[in-house]
K.L.:
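Shown below is the structure under consideration.
Model, not experiment: these values are computed from the prediction. All residue numbers in this chain count up from 1 along the given sequence.
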Amino acid sequence: MIDVLIVGAGPNGLMLACELALAGVHPVVLERHPTPGREPRANGLVGQVVRLLDRRGLHARLSGDSNPPSPQPAFTFGAFPLDLTMLTDNPHYALGVPQAQLEAALTARAAELGVDLRRGHEVVDLRQRPDAVEVHLADGTRLTSRFLVGADGGRSRVRRTAGIDFPGVTNDRSVSRTATVTVPASFLDPETGGLLAPGYGIVPPFQHTRTPRGLIAWAPFPGRPALVSTTEWPDAPTSDETPMSLAELRASVSRVLGVDVPLGPPEGAGLLRRLTGRNTRIAARYRAGRVLLVGDAAHVHPAIGGPGLNLGLQDAVNLGWKLAATVRGWAPEGLLDTYETERRPVAERVVMSTEAQSALIGPGEEITGLRELFGELLGIPEVTGHIAALMSGADIRYPADPADPMAGRSAPDVVVHGDRGVVRLAELTRGARPLLLDSTGDWAEVAAPWRDRVDVVTGHLEGTTATGVLVRPDCYVAWSAGDADTLRAALTRHFGRPL
């Protein structure tokens with residue numbers, strides 16, 4: 001019998017497979033497409049997930065830079081530029097790699113860890129038993145697994161066949177168009193890299209620019225074709241059945257900016273995509289018996305601000321260690337259910353954020369007035385800091401002891417000075433094991449009965465005033481304050497009773 005069957009080999013399914021393999025569980029990943037997709041999707045990662053990838057040793061692979069990730073000086077919220085240099089503690093990170101590159105890196109990592117990835121295998125049905133899930137494939141094959149995870153996107157067949165509702169709102173008021181393009185050099189601003197539109201001005205790069213008539217984004221990615229995107233709110237619905245043309249996008253840019261821009265086709269194959277309306281939905285349950293959902297299978301939302309991979313990949317890492325502990329038999333009672341209780345509120349905040357941004361970019365003079373006020377508020381550092389924490393996910397705190405200021409939050413970038421030399425936390429968490437950092441030598445003795453599943457590193461802790469920090473495999477803090485009794489309680493609550 002298979003331990004865990006994952007349906008979907010996108011970033012979330014692959015990340016989950018890697019996490020399970022690191023924890024000693026051997027998953028099988030089924031992907032209905034015979035080859036990796038080539039259609040451009042996400043153009044990068046934003047938020048705390050960038051630090052998470054560093055803590056799994058993946059940031060250097062993706063960025064080509066062995067240095068730790070650094071916070072970004074600027075970002076965007078609802079077509080407003082965010083000046084993050086005004087913050088004393090900037091929580092916002094970004095990594096500009098296309099989704100195809102991320103999937104390739106995760107596929108390679110999964111192969112290194114011995115993950116069984118099977119392409120060209122489509123799931124058509126499933127049946128749950130008390131002890132397993134029976135999965136039916138399109139070719140007539142049947143597989144049996146102790147657990148099944150749907151990582152198969154917003155139209156998840158796993159979610160539908162498991163009988164999990166997907167409540168929310170779909171509307172068709174907006175039309176978004178995206179294409180890879182070329183632009184004459186005379187229409188590029190040499191100082192900013194922005195799109196120079198005579199009669200309008202400069203459309204800055206990698207930001208959303210709003211006019212009373214619509215939204216435009218200009219993304220001149222280094223080493224690959226530039227992207228132009230527009231969003232409009234037409235009086236009549238638009239059908240997605242007719243393929244979009246470059247002329248259609250040029251006309252949309254002209255309407256949004258009020259001037260014409262000579263957009264040409266890219267060299268070779270390019271992207272032409274039209275999307276009507278937007279979907280905002282969260283699954284009624286993240287778990288039905290032995291079936292669980294991760295990523296877009298559990299939630300969909302507007303793409304503005306790019307929170308999708310930040311949300312989905314952290315779903316996978318949260319679920320991975322809990323599911324592995326359940327399979328291996330040491331999970332405390334109810335641990336697997338905390339996947340939903342911890343991650344659903346995060347999805348709800350992402351929905352709130354993307355809905356608020358969608359309102360701020362809308363057409364009409366009344367929205368223009370709202371934007372003038374909101375722009376004034378963003379000049380206040382505390383407001384920008386609040387927005388940056390929301391966008392990055394740095395404001396997440398899982399349910400924890402309120403007397404422990406670090407518990408439930410993402411672990412700080414602690415540096416340990418000990419027998420191993422000077423070591424960053426990111427170098428200690430690549431094996432995805434529970435970790436106790438001990439600056440006194442006393443906490444290690446308390447954790448000794450859990451030595452089969454909790455690693456202990458002793459040394460001076462730089463970057464925290466705590467004398468000990470218990471870090472979960474997903475790099476969130478389980479304990480950082482108290483005495484031996486509170487440490488034993490945290491070890492038992494998260495990692496079960498000792499052998």
Side-chain angles (χ1 to χ4, degrees), residues 40 42-43 75-82 169-183 187-189 192-220 225-264 270-280 301-307 353-375 378:
N43 290 300
F75 199 62
T76 181
F77 179 87
F80 283 98
L82 288 180
V169 176
T170 299
N171 69 62
D172 59 358
R173 294 194 298 270
S174 64
V175 179
S176 298
R177 299 174 174 89
T178 303
T180 46
V181 300
T182 54
V183 180
F187 281 78
L188 301 177
D189 180 50
T192 65
L195 182 64
L196 184 58
Y200 171 80
I202 297 174
V203 178
F206 304 109
Q207 293 185 19
H208 292 101
T209 298
R210 185 242 180 211
T211 76
R213 300 170 296 278
L215 192 76
I216 183 169
W218 162 247
L227 274 178
V228 171
S229 297
T230 64
T231 301
E232 297 179 89
W233 291 263
D235 294 332
T238 301
S239 173
D240 286 334
E241 296 180 1
T242 304
M244 194 185 90
S245 66
L246 189 56
E248 181 181 331
L249 177 66
R250 282 197 298 262
S252 178
V253 170
S254 178
R255 289 191 296 268
V256 171
L257 295 180
V259 298
D260 293 327
V261 178
L263 304 176
L271 169 69
L272 287 168
R273 182 173 61 200
R274 182 200 308 114
L275 295 175
T276 300
R278 70 177 193 267
N279 241 346
T280 302
H301 48 79
I304 188 167
S353 168
T354 55
E355 288 293 294
Q357 292 182 77
S358 297
L360 283 169
I361 65 173
E365 294 303 326
E366 68 277 15
I367 301 298
T368 300
L370 174 63
R371 289 180 62 83
E372 289 178 2
L373 173 60
F374 201 85
L378 288 177

K.L.:
Could you tell me which non-hydrogen atom of Ile361 sits nearest to which non-hydrogen atom of Ala79, and how far apart they are?
P.N.:
CG2-CB, 3.9 Å
K.L.:
Please list, chain by chain and in numerical order, all residues satisfying side chain to side chain donor-acceptor pair (under 3.5 Å) with Arg371, sequence neighbours excluded.
P.N.:
none
K.L.:
Mind jotting down which residue pairs meet the salt bridge (charged side-chain N to carboxylate O under 4.0 Å, His left out) criterion with at least one end in residues 353-362? Sequence neighbours excluded, please.
P.N.:
Arg278-Glu355
K.L.:
For Pro204 and Thr209, which heavy atoms make the closest approach, and how far apart are they?
P.N.:
CD-OG1, 3.4 Å
K.L.:
Would a distance-only check, ignoring hydrogens and angles, find a side-chain to backbone donor-acceptor pair under 3.5 Å from Thr180 to Leu271?
P.N.:
yes
K.L.:
What's the verdict on side-chain contact (heavy atoms from CB on, under 4.5 Å) for Val175 and Leu275, showing C-alpha distance, side-chain angles and the deciding distance?
P.N.:
CA-CA 6 Å; Val175 179; Leu275 295 175; over 6 Å; no
K.L.:
Sort and list the pairs that fulfil side chain to side chain donor-acceptor pair (under 3.5 Å) and have at least one residue in residues 357-369, not counting sequence neighbours.
P.N.:
Arg210-Thr368, Ser353-Gln357
K.L.:
For Leu360 versus Ile367, what's the shortest heavy-atom pair and its separation?
P.N.:
O-CG2, 3.5 Å
K.L.:
Which heavy atom of Ala179 sits nearest to which heavy atom of Met244, and what is that distance?
P.N.:
CB-CE, 4.3 Å
K.L.:
With sequence neighbours left out, what residues match Thr182 under side chain to side chain donor-acceptor pair (under 3.5 Å)?
P.N.:
none
K.L.:
Restricting to side chain to side chain donor-acceptor pair (under 3.5 Å), what partner residues turn up for Ser229, sequence neighbours left out?
P.N.:
Thr178
K.L.:
Can you sort out the partners of Arg250 under salt bridge (charged side-chain N to carboxylate O under 4.0 Å, His left out), two or more places apart, ordered by chain and number?
P.N.:
none
K.L.:
For Leu378, check side-chain contact (heavy atoms from CB on, under 4.5 Å) against everything at least two apart and list the hits.
P.N.:
Phe80, Leu82, Phe374, Val383, Thr384, Ile387
K.L.:
For Tyr200, what residues pass the ring pair (Phe, Tyr, Trp, His ring centres under 6.0 Å) criterion, not counting sequence neighbours?
P.N.:
none
K.L.:
Taking side-chain contact (heavy atoms from CB on, under 4.5 Å) as the test, write out the residues that go with Pro81, two or more places apart.
P.N.:
Gln207
K.L.:
Do any side-chain atoms of residues 212-219 form donor-acceptor pairs under 3.5 angstrom with protein atoms, and if so which ones, sequence neighbours left out?
P.N.:
unit_1, atom_1, unit_2, atom_2, d
Arg213, NE, Arg255, O, 2.9
Arg213, NE, Val256, O, 3.3
Arg213, NH2, Val256, O, 3.0
Trp218, NE1, Gly193, O, 3.0

K.L.:
For Gly264 versus Leu246, what's the shortest heavy-atom pair and its separation?
P.N.:
C-CD2, 3.5 Å
K.L.:
State whether the side chain of Arg274 and the backbone N or O of Thr242 hold a donor-acceptor pair below 3.5 Å, judged by distance alone.
P.N.:
yes
K.L.:
Could you pull out the closest heavy-atom pair between Thr231 and Ser174, with the gap in Å?
P.N.:
CG2-CB, 4.1 Å
K.L.:
In sequence, state the C-alpha distance, the side-chain angles, and the governing distance for Val181 and Leu249, and then conclude on side-chain contact (heavy atoms from CB on, under 4.5 Å).
P.N.:
CA-CA 10 Å; Val181 300; Leu249 177 66; 4.2 Å; yes
K.L.:
Considering residues at least two apart in sequence or located in another chain, which fulfil the side chain to side chain donor-acceptor pair (under 3.5 Å) criterion with Thr192?
P.N.:
Asp189
